[in-house]
Amino acid sequence: MSPVLADVLQVSALIAALALVHRPLGDYMAAVYSSRKHLRVERWIYRSVGADPDAEMRWPAYLRAVLAFSAVGVLFLYLLQRVQDKLPLSLGFAPITPDQAFNTATSFVSNTNWQSYSGEVAMSHITQTGGLAVQNFVSAAVGIAVAVALVRGFARSRTGDLGNFWADLVRGIVRILVPISVVAAILLVATGAIQNFADIHQVSTLTGGSQSISGGAVASQEAIKDLGTNGGGFFNANSAHPFENPNGFSNLLEIFLLLVIPFSLPRTFGKMVGSVKQGYAILAAMGIIWFAGVVAVTILEFQHPGTVSQAAGGAMEGKEQRFGEGASSLFAVSTTMTSTGSVNSFHDSFGGLSGGVLLLGMMLGEIAPGGTGSGLYGMLIMAVIAVFIAGLMVGRTPEYLGKKIGTREIKLAACYILVTPALVLIGTALAMALGKGESSMTNVGAHGFSEVLYAYTSGSNNNGSAFAGFAANTPYHNTAIGLCMTLGRFLPMVFVLALAGSLAEQKPIPATAGTLRTEKPLFTGLLVGAILIITGLTFFPALALGPLAEGLAS
């Protein structure tokens, strides 16, 4: 079988699997967040934290709950890393330094999972399972909760109530993330992923040397790492490590896991607002951008310039023979467009133009399909912008789902789309101006600049992947990227929840003959165009200095 045919069949199988679960999973999640009943285990959790799950919250109260819960998570995870040498199953590892502990704590709580450390030689079993894996669940559930709050803003009228954060958080974990993760972990163990609390083993190599091999609860962490679009690997090589990703089936399963919830949430949105066609319009926009990215990166990698790479059938440096160009490209595009950060090859090894596509996937705001929850609310913000642009074009007050997009709404949406570009560009500019970026480069010239740009793009957009050549473990980068991850996660949530509250307070506007039909293909095309144009205008100069310059010089 030719590599091209194998890749076509792989993408086709993935799309078919996603299509098969889109409706049942989307409907199930809509039922979870619309139900008024509480499971027994959920009631026990509410009592233990002193929360009333039936109390409705307006957007300021919902936001305070999100921020307070996340702040406690950062503090707990920071302290756990600092005292891990004094806890059981420490494996003899020293405590994490203060700047790296801050960076890692903010990284996992913000659903970024940026790693400036090598997990197998730095983090104890307790830190990995009791700290990092736990945050994989709760940070993903926070993202879905905020997205659901925004959906309720569109669905409700004449009330500022957006639901209850504690109920949304607990339901997301107990009813969605845990059950799917258990099944996924069992499947990963069946394919060969490890699951234990073994000590470090010293083994002899064929050359007469020795090698340290770490064990750990890998399969369980791998499942939620991908399902929750977290991305933090148990090992430094992440999903390129055979203990995390043993074979081709596990590779496709992991890609499916990181796409399944983001691609199903538009169905949840459609069900909750009472029009599944609206969900299909959002889904189509996500799918078009994702598929275009997959095609572009795959073609660019197979046709990578150079005699050696052409003879090998593609640019294989930094990629495994187990997966090849097609599976590596599919994984890379899916992970950079879902805020996951999990990798099965080194993105530093992708060509200039294909690496630029990966960068662009993050710069779009990771909305195609985006992270668990964050992708949906990011796409809905862009839908508001697209409706506003359409209103300007025809001279009509913009409306979306029966809600007027007025001055307050468009200001909140504009603030949302300005946050991460500001963090990316300011963070990159400061790093380069202060010499901190250049000193951390492995490469020089345009590719070296791309390493720095990628790092701050990844941190600010809560992705977590990196160009492998970038030396991030310095006090400056640990602190600066940590701040970018924190602001990039929680500042947008402020504007999302404020917009949700504003929409929920409005009374519905009846549709007329002049109302823009936002469930039609025309709107999907307008939405995709608005996303690409806004991002292109914002980031084109930075891309021109990095991946575009490198690609055109090849």
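When a residue number appears, it is its place in the shown sequence, counting from 1. Small disclaimer: the values here were computed from a predicted structure and weren't measured.
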Check against side chain to side chain contact (heavy atoms under 4.5 Å, CB included), Tyr33 and Ile144: CA-CA 10 Å; Tyr33 291 107; Ile144 301 176; 3.2 Å; yes
Any side-chain donor near an acceptor of the partner, [X] and [Y], under 3.5 Å:
X	Y	answer
Thr129	Gln221	no
Asn463	Ser339	no
Arg396	Thr512	yes
Trp114	Ser458	no

If only atom types and distance count, is the side chain of [X] paired as donor or acceptor with the main-chain N or O of [Y] below 3.5 Å?
X	Y	value
Tyr78	Gly73	no
Asn111	Gly143	no
Tyr416	Val494	no
Thr104	Ala101	no
Asn462	Thr112	no
Glu366	Gly371	no
Thr335	Ala332	no
Thr268	Gly26	yes
Ser35	Ala31	no
Asp52	Asp54	yes

Gap separating the [atom1] atom of [X] from the [atom2] atom of [Y], nearest 0.5 angstrom:
X	Y	atom1	atom2	answer
Asn478	Thr106	CG	OG1	9.0 Å
Leu401	Thr515	CG	OG1	11.5 Å
Leu80	Gln135	CG	CD	10.0 Å
Leu187	Ser250	CG	OG	10.5 Å
Leu491	Cys415	CG	SG	9.5 Å
Leu63	Phe165	CG	CZ	10.0 Å

Residue pair Asn245, Asn251: steps toward the side chain to side chain donor-acceptor pair (under 3.5 Å) verdict: CA-CA 6 Å; Asn245 192 2; Asn251 188 68; 3.0 Å; yes
Would you check if [X] and [Y] make a side-chain contact, meaning some heavy-atom pair closer than 4.5 Å?
X	Y	value
Val260	Leu227	yes
Leu252	Leu14	yes
Pro266	Tyr280	no
Met363	Thr457	yes
Val66	Tyr62	yes
Val109	Phe490	yes
Leu360	Phe539	no
Val387	Leu527	no

Verdict with reasoning, Ser239 to Lys225, per side chain to side chain donor-acceptor pair (under 3.5 Å): CA-CA 10 Å; Ser239 287; Lys225 151 193 147 179; 2.9 Å; yes
For residues [X] and [Y], report the shortest heavy-atom separation together with the two atoms involved.
X	Y	answer
Gly163	Arg156	N-NH1, 3.5 Å
Ile531	Leu364	CG2-CD2, 3.7 Å
Ala383	Ile282	CB-CD1, 4.4 Å
Ala184	Leu253	O-CD2, 4.4 Å
Met272	Ala155	O-CB, 3.4 Å
Ile255	Ser334	CG2-OG, 3.8 Å

Heavy atoms of other groups near Ile426 CD1, more than 12 under 6.0 Å: no
CG (Leu79) with more than 12 external heavy atoms under 6.0 Å: yes
Ion pair present between [X] and [Y], side-chain N to carboxylate O less than 4.0 angstrom?
X	Y	result
Glu409	Lys404	no
Arg47	Glu42	no
Asp27	Arg267	yes
Glu505	Arg58	yes
Glu399	Arg517	no
Asp168	Arg152	yes

Verdict with reasoning, Ile261 to Leu177, per side chain to side chain contact (heavy atoms under 4.5 Å, CB included): CA-CA 9 Å; Ile261 290 181; Leu177 297 175; 3.8 Å; yes
Asn230: which of Ser107, Ser342, Ser139 passes side chain to side chain donor-acceptor pair (under 3.5 Å): Ser139
Derivation of the ring pair (Phe, Tyr, Trp, His ring centres under 6.0 Å) call for Tyr46 and His38: CA-CA 10 Å; Tyr46 299 140; His38 308 292; 5.5 Å; yes
Ser460/Met485 under side chain to side chain contact (heavy atoms under 4.5 Å, CB included): CA gap, chis, key distance, verdict: CA-CA 5 Å; Ser460 301; Met485 291 186 292; over 6 Å; no
Check against side chain to side chain contact (heavy atoms under 4.5 Å, CB included), Asp226 and Phe256: CA-CA 9 Å; Asp226 292 316; Phe256 171 81; over 6 Å; no
Derivation of the ring pair (Phe, Tyr, Trp, His ring centres under 6.0 Å) call for Tyr400 and Phe154: CA-CA 8 Å; Tyr400 187 49; Phe154 284 109; 5.4 Å; yes
